[in-house]
Amino acid sequence: MAVTAFALLADPTRVRMLWALREADLDVGSLAAVAGCRPTVASQHLSKLRFAGLVDGRRQGQRVVYRLRGGHVRALLTEALFQADHHVTGTPTHD
């Protein structure tokens with residue numbers, strides 16, 4: 001399962017969508033706008049993220065609203081992006 005989660009985080013579109021879900025629950029259209037893709041593409045990415053257990057979706061009227069599935073997903077994403085930022089900016093690593 002961990003390998004699947006890391007593989008899904010290797011895609012920039014999925015990372016942008018997951019990062020947006022850290023702040024709020026969003027529908028497919030909003031996630032597509034954040035990720036810079038068409039809603040059909042965002043929907044395909046969300047299907048993979050749901051299958052891997054990284055996001056949950058709930059029906060809200062005519063639309064489905066997505067959220068991160070738990071604090072571990074939020075922490076994994078946050079730490080991965082902070083590590084990347086340290087690497088890019090040359091900021092020293094820390095424990």
Side-chain angles (χ1 to χ4, degrees):
M1 195 61 162
V3 171
T4 301
F6 285 122
L8 290 172
L9 290 174
D11 182 274
T13 300
R14 287 192 285 265
V15 170
R16 284 191 290 271
M17 291 168 58
L18 290 169
W19 191 255
L21 289 172
R22 286 177 55 254
E23 300 297 325
D25 298 351
L26 299 168
D27 65 6
V28 174
S30 299
L31 288 166
V34 165
C37 65
R38 295 184 320 266
T40 55
V41 173
S43 182
Q44 291 170 357
H45 285 295
L46 287 163
S47 176
K48 292 175 185 176
L49 293 169
R50 285 178 69 174
F51 180 75
L54 298 176
V55 299
D56 281 327
R58 72 178 185 289
R59 188 155 293 281
Q60 200 174 52
Q62 295 287 336
R63 62 190 185 133
V64 177
V65 177
Y66 294 88
R67 67 179 180 92
L68 291 182
R69 190 169 179 203
H72 291 295
V73 175
R74 181 175 282 104
L76 174 65
L77 181 65
T78 301
E79 290 301 321
L81 290 177
F82 285 162
Q83 170 60 28
D85 181 66
H86 278 58
H87 181 74
V88 169
T89 62
T91 303
T93 58
H94 52 85
D95 292 331

Take atom NE2 in H86; do more than 12 heavy atoms of anything else shown fall under 6.0 Å from it?
-> yes
Same cluster (ILVMFWY, side-chain, under 4.5 Å), V15 and L31 = yes
Do other residues, nucleotides or ligands put more than 12 heavy atoms under 6.0 Å from the CZ atom of R69?
-> no
Evaluate the side-chain proximity of V64 to R59: yes if any heavy-atom separation is below 4.5 Å, no if none is.
-> yes
Would you mind telling me which of R63, Q62, Q60 makes a side chain to side chain donor-acceptor pair (under 3.5 Å) with D27?
-> R63
Does one hydrophobic cluster hold both L21 and V41, with members joined at side-chain heavy-atom distances below 4.5 Å?
-> no
OG of S43 to OH of Y66: how many Å apart, nearest 0.5 Å?
-> 5.5 Å
Could you check if a side-chain atom of L8 sits within less than 4.5 angstrom of a side-chain atom of L18, using non-hydrogen atoms only?
-> no
Heavy-atom closest contact (P39 atom, V28 atom, distance) | O-CG1, 3.4 Å
K48 and D11, any side-chain heavy atoms less than 4.5 Å apart | no
Does NZ or CZ of R22 lie under 6.0 Å from the centre of the six-membered ring of W19, at an angle within 45° of the ring axis?
-> yes
With respect to V55, which candidate in M17, H45, R50 satisfies the side chain to side chain contact (heavy atoms under 4.5 Å, CB included) definition?
-> R50
Reported CZ-to-CG distance for the pair F82 and L77, which is rounded to 0.5 angstrom | 9.5 Å
Rounded distance [0.5 Å steps], CG in L49 versus OG1 in T4 | 11.5 Å
